[in-house]
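Lettering of chains follows the sequences in order, A, B, ..., and the numbering in each one begins at 1. No experiment lies behind these values; they were computed from the predicted model shown.
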Amino acid sequence: MRAKRTALNTVKYLILIILSIVSVFPFFFMIVGMTNNSVAITGGSLHFGSLLADNFKHLFASELDFVGSLKNSAIIAVVTTAVALCLSSLAGYGFEIYKTRRSENIFNFLLLSMMVPFAALMIPLYRMFSKLSGTPFQIFGVNSFYAVIIPTMTTAFLIFFFRQNAKSFPKELVESARLDGLSEFQIFTHIYMPVSKNAYSAAAIITFMTSWNNYLWPLVVLQSPEKRTVPLVLSAMGASYTPDYGMMMCGIVLSTIPTALLFFFMQKNFVQGMLGSVKG
Amino acid sequence: MKKFRFKRLLLAAAAVTATVLLAACSSSKGSSSSSTSKDNKTLTVWCWDETYNTPAVKDAIKQYKKENGKQKVKVVTMAQDDIVQKLNTVLSSGGSKGLPNIVLIEDYRIQSYLKAYPDAFADLSSISKKGNFSSYKSAVNTVDGKTYGVPFDSGVAGLFYRTDLIKQAGYTDADMQNLTWDKYIEIGKQVKAKTGKAMLSLDPSDLGLIRIMMQSAGSWYTKSDGKTVNIQNNTALKQSISLYKQMMDAGIVEKVSGWDAGVAAVQKGQVASAPTGAWYSSTIQGAKDQSGKWKIAQIPRISENSKSVNASSIGGGGWYVIKGVGNVAGAKDFLGKTFASSPALIDQLAKDIGAVGTLKDAKSGANYKAAYPFYSNQKVFEDLLSWSNKVPEVNYGSSTYQIEDVMKDPVQSILKGQNINTVLKNAQAQAESAVQ
């Protein structure tokens, strides 16, 4: 019996070890790549080289302005995350707490919008934003950060996510708060929000990551080079007959750090949030 | 207590949001006036590759200043796929807002833009004179007799080869001139037998070599109207694919996956030759230890095809002006004084980025007359430019890449031994529905 269990465990761990090697290897290759030149990287070298400082120097000296793009990405990701959390949680909470037949219909319609791929929306969206030029709303038009942020500010997914969370939120709390004389908005800010901290963390990680990695829409809507976000700059670096992979690896590692950090700090909340826990 | 902390956090978040929103707002205000307005004097140029096309535009700007040009010009580097994506989205949304004044477009793609958005591009006939450039370039940028582009780099194909390995196999430089592909394969077998090295590296999913062979016979995936799919009864294509298969079967090919692996094979000295575009030169020169061991010969021809010549092309691009962005006159002035007419600039580009021009007058430039130690003192630019002038004219049509996507699987089936006629018959039908 015991022998059988040990054997089973060995197999289990073997599989886990293999899987973890498979998932860690790209990161390892990326970090080794930071210290090598293009020839070594394309040759598949797994030895640490001595070019780390050079690669970083090239990265910061590159005319593609990597540092500027980090700044742009940070502004866009932080604003998107903050706004998206506020709006989507309000919406999700509202759909659950003030349920009517009509609101249910609207909600279902909203869910349908998840089925439309972004590629199909892109051209009409671009048209809308480009029509803003010449109107008083010009600052929201193409080539502004607003144009990147606004379409991603609320997503059906996030609203759905917060609604699911609000479902497990005890309605008795709302009722007793009403009796205690709190206004509806206060119930949301004083009771629902603190209790749903984990949901907020999970949503924050997801939104931040999506926004940080967003490629297609910023690519299309941002024009001036000084407004480019990190993925756009990395893409421009790679498009060369003789790309400098060492420099790119440094850029990629740097651009991975913010999401990695966010995830590490909020990991515990994230897992609980995804499980829909309401323990504050 | 916990609740209180959370509230403070929220407040902080709100404060950050507000500040950032304000900052974003002010910064976007600041630059929107400088980069989007139509009467702006600064011309914007989009191109890809920071080590190739971008320095080319910078050289052009210097040249333009020497000619006392009045326009200010700014260059923006982007991935080629990104440029394509942006052009597609913006042009199909019915405008041109946000596009640059001048954009670099690959020869294989331009016809589809000119056909789909006929009013988007400015007529450059007045500055881009047909007779001044390699003639195959004008087949690419002309619609209804009007020229829409200024040709830039030549994609003229050459056979880069290692003199030392060829010698070991028992051949001389003279043997490498005016080759046929049959002879090339024969030499390859000797190279393999005597040196153990492959004759060339090929990525089976990249059909560039087949394109080179086809164009050497003046043929393409589509007929000369650029629309009618021409696969099933295309003799040159059939001959090219069977040569491709012969190479694979002869065991002279180092199979690689992806562009980088091909580069690595050359730089590590694993292959004796590389039949490819002139732009490959700077990549090969990355292997400094192989200096003096390389030479470039004309690309081989298809012996069974009487139309096939020892000249072909792969890649290459041209400059196009987008009408709706405004300041067309300024953009024409810039291109007219630089890429369209200046042999001095084209000569400079040979030195700075190793680009072979398509401007015929460039052949008298110092760098075109120079002998290059890396290539065993061959006058490579002079040779490449003279071959460029012999490349057969081909209309690439609007769907080269779509058809090539269709062609990848059929070519694999043929390599595995299926009957070429049946496979191509099916491919014809598939390609026809793909380009509908």
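For A:Pro225 against B:Lys74, the heavy-atom pair with the smallest separation is CD-NZ, 4.5 Å. B:Gly94 and A:Arg127 get closest at one heavy-atom pair: CA-NH1, 4.1 Å.
For the atom pair CD of A:Gln223 and NZ of B:Lys86, the computed distance is 5.0 Å after rounding to the nearest 0.5 Å. To the nearest 0.5 Å, atom CG of residue B:Asp49 and atom CE of residue A:Met237 are 13.0 Å apart. Distance CG/B:Asp260 to OG/A:Ser38: 8.5 Å, rounded to 0.5 Å. Note that OG of B:Ser92 is 3.0 Å distant from CD1 of A:Ile123, once rounded to the nearest 0.5 Å. For the atom pair CE of A:Met122 and CG of B:Asn88, the computed distance is 8.5 Å after rounding to the nearest 0.5 Å. Rounding to the nearest 0.5 angstrom, the gap separating the CG atom in A:Leu219 from the CD atom in B:Gln85 is 6.0 Å.
In this structure, no portion of B:Val263 lies under 4.5 Å from any heavy atom of chain A. The contact between A:Leu222 and chain B is made entirely by backbone atoms, counting heavy-atom distances below 4.5 Å. With a 4.5 Å cut-off on non-hydrogen atoms, A:Phe140 does not touch chain B at all. Proximity to chain A is limited to the backbone of B:Gln80, based on heavy atoms less than 4.5 angstrom apart.
Side chain of B:Lys97 to main chain of A:Lys131: no donor-acceptor pair is present (N/O by atom type, distance under 3.5 Å, no hydrogens or angles).
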